[in-house]
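Read the numbers this way: they start at 1 and go in the same order the structure lists the ligands and their atoms.
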Amino acid sequence: MNMSRQFVLPAALLALAGLAQAQVRVKEPWVRATVAQQQATGAFMQLHSPKATRLVGVSTPLTPVAEVHEMAMQGDVMRMRQVAGMELPAGKTVELKPGGYHLMLMNLKGQVKEGQTVPLTLTFEGADGQRETVQVQAPVRALTTAASGHGGHGSAGGSTPAAPAHKH
Ligand SMILES: [Cu+2]
């Protein structure tokens, strides 16, 4: 009698997997834990899309202010800025990581602690203008290297024209 039941779940999972194939795949998402009073942090992951698309936005219940950012060397200074979108070439894995592209979560109301899981909704826009969203559950990981990476947000770019983009 239980036999039939046992097959229901795998079938449902297969159906879900089939749907997901048409979508962007997200691997190893994580959010950097914060220390008390820290108001911004980054979310990182690997993205893979079967067809060319662009990551154009992110939202999370943690904060109303979440943006796609790029970090890059300008001369000998590391700066970050908001970007309108991050390209995902077809069939290629693109990594969001400390020191590169990341999702910036700002205006945090509370500390983000290791062991928590942060729901993220990623919005992608294809070449045809069609939008799709992907839900991600990102575990929070403790600070590791480069604690200064996001700590200087908003103050690091003091002298550049890009700095005003970070005011909120
Ligand atoms: Cu940033």
Side-chain angles (χ1 to χ4, degrees), residues 23-49 52-90 92-127 131-168:
Q23 288 193 324
V24 176
R25 286 206 312 263
V26 180
K27 273 175 64 184
E28 296 178 33
W30 63 284
V31 171
R32 194 200 293 264
T34 63
V35 294
Q37 311 303 326
Q38 187 181 343
Q39 290 188 358
T41 191
F44 312 94
M45 65 201 66
Q46 292 171 22
L47 299 175
H48 180 280
S49 175
T53 187
R54 273 155 45 97
L55 172 65
V56 293
V58 56
S59 65
T60 173
L62 267 197
T63 171
V65 188
E67 300 173 346
V68 182
H69 275 201
E70 180 184 25
M71 205 181 236
M73 294 298 290
Q74 277 184 9
D76 54 0
V77 183
M78 186 72 102
R79 298 188 193 286
M80 69 166 94
R81 66 190 176 99
Q82 184 181 7
V83 291
M86 187 190 92
E87 301 294 330
L88 268 76
K92 275 187 110 180
T93 297
V94 177
E95 191 173 11
L96 289 85
K97 60 187 177 194
Y101 281 104
H102 55 279
L103 304 178
M104 198 82 198
L105 312 182
M106 292 173 283
N107 294 11
L108 298 171
K109 291 167 202 79
Q111 194 173 352
V112 181
K113 294 177 180 157
E114 190 171 17
Q116 288 181 333
T117 300
V118 178
L120 300 168
T121 302
L122 310 180
T123 302
F124 297 90
E125 188 177 291
R131 290 197 165 199
E132 79 178 63
T133 57
V134 176
Q135 310 287 335
V136 181
Q137 300 292 328
V140 176
R141 285 198 215 158
L143 283 167
T144 49
T145 56
S148 62
H150 280 91
H153 202 269
S155 60
S159 62
T160 63
H166 274 131
K167 276 194 194 146
H168 291 282

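- Distance CD/Q23 to CD/Q135: 9.5 Å, rounded to 0.5 Å.
- Relative ring orientation between H102 and H69 is described as perpendicular, the plane-to-plane angle rising above 60° on a 0-90° scale split at 30° and 60°.
- Among the atoms of M104, an N, O or S atom is found under 2.8 Å from the Cu ion (ligand 1).
- Counting just the N/O/S atoms of H69, the one with the shortest distance to the Cu ion (ligand 1) is named ND1.
- The nearest N/O/S atom of H102 to the Cu ion (ligand 1) is NE2.
- Here the options are L103, T53, L47, the test is side-chain contact (heavy atoms from CB on, under 4.5 Å), and the partner is M86; only L47 passes.
- With V112 as the partner, the side-chain contact (heavy atoms from CB on, under 4.5 Å) test is satisfied by one option alone out of T63, L105, V35, V31: V31.
- In summary, no N, O or S atom of M71 is located under 2.8 Å from the Cu ion (ligand 1).
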